[in-house]
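Since the structure comes first, as structure tokens, the remarks are kept for the end.
All residue numbers refer to positions in the sequence shown, counting from 1.
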Amino acid sequence: MAAGMNFEISGLEELERDLTAAVRAAPEKAKETLRDISKEFKKSAKKRANSELKPHERAGSEKNKAIKRKFGSKVIEEGIGATALVWNSARHFHLIENGHNLVRGGRVVGFVEGKHIMEKTRNEYESVVPERFENMVDDILKERDLD
């Protein structure tokens with residue numbers, strides 16, 4: 001019969017402890033990263049709206065109702081997951097975003113194409129979001145010397 005072989009592996013407890021700490025840190029880091037991304041998204045959408053929309057002269061209290069002042073963002077926690085919402089609360093934003101009929105004297109005389117501000121910003125962030133979360137995971141692993 002073959003002779004028995006004995007193996008001794010040391011340091012597994014330390015690895016297990018580091019992995020457990022990394023797993024515990026991940027949800028909070030993910031929410032923080034998501035919060036940062038949503039704030040940057042909002043800022044980028046504001047900037048795009050500012051550059052793509054014609055400025056309108058407004059007076060008095062109407063001055064505060066400009067599109068760029070109506071953006072908001074929020075992170076909603078759902079169990080172990082989270083969702084970031086970015087919106088514009090201006091009553092006419094959907095018309096600017098998606099387009100609308102041009103009406104003169106009660107008759108439709110044309111169509112104004114939408115500016116697609118949120119859509120363009122979302123497309124811009126399609127590559128940014130996965131990269132940011134990969135960097136977040138790398139940071140968590142580096143903090144625990146697991147890289």
Closer than 3.5 angstrom, by distance alone: can the side chain of N88 be matched with the main-chain N or O of A90 as a donor-acceptor pair? yes

Closest heavy-atom contact between S38 and V86? O-CG2, 3.8 Å

Examine L85 and F93 and state if one hydrophobic cluster contains both, with Ile, Leu, Val, Met, Phe, Trp and Tyr joined whenever side-chain heavy atoms are less than 4.5 Å apart. no

Could you state the interatomic distance from CD (E113) to CG (L102), rounded to the nearest 0.5 Å? 12.0 Å

Tell me if the NZ atom of K31 is crowded by more than 12 foreign heavy atoms within 6.0 Å. yes

Under 4.5 Å between side-chain heavy atoms, hopping through other hydrophobics if needed: is there a path connecting V103 to V112? no

Could you pull out all donor-acceptor pairs under 3.5 Å where a side-chain atom in residues 17-30 meets a protein atom, sequence neighbours excluded?
| from | atom 1 | to | atom 2 | distance (Å) |
| --- | --- | --- | --- | --- |
| T20 | OG1 | E16 | O | 2.8 |
| K29 | NZ | E143 | OE2 | 3.3 |

Keeping the roles fixed (side chain from E97, backbone from E119), state whether a donor-acceptor pair exists under 3.5 Å. yes

Between M118 and W87, is the side-chain contact (heavy atoms from CB on, under 4.5 Å) condition met? List the steps. CA-CA 8 Å; M118 297 298 265; W87 68 88; 5.6 Å; no

Taking all non-hydrogen atoms of both residues into account, name the closest pair between A45 and F71 and its distance. CB-CE2, 3.7 Å

Does NZ in K120 sit with more than 12 non-hydrogen atoms of other residues, nucleotides or ligands closer than 6.0 Å? yes

Please round to the nearest 0.5 Å and tell me the distance separating atom CD1 of I117 and atom NZ of K68. 12.5 Å

About how many Å separate CD1 of I37 and OG of S44, when rounded to the nearest 0.5 Å? 12.5 Å

K39 meets the side-chain hydrogen bond (donor to acceptor under 3.5 Å, both in side chains) criterion, sequence neighbours left out, with none

In Å, rounded to the nearest 0.5 Å, how long is the span from CD of E124 to CZ of R48? 5.0 Å

Return all side-chain donor-acceptor pairs below 3.5 angstrom for residues 126-139, not counting sequence neighbours, or 'none' if the list is empty.
| from | atom 1 | to | atom 2 | distance (Å) |
| --- | --- | --- | --- | --- |
| R132 | NH1 | E40 | OE1 | 2.7 |
| R132 | NH1 | E40 | OE2 | 3.2 |
| N135 | ND2 | E131 | O | 3.4 |

Looking at CZ of F41 and CZ of R122, how far apart are the two atoms once the value is rounded to the nearest 0.5 Å? 7.5 Å

Heavy-atom side-chain contact between T121 and K42 under 4.5 Å: no

Roughly how far, to the nearest 0.5 Å, is CG of N50 from CD1 of I67? 11.0 Å

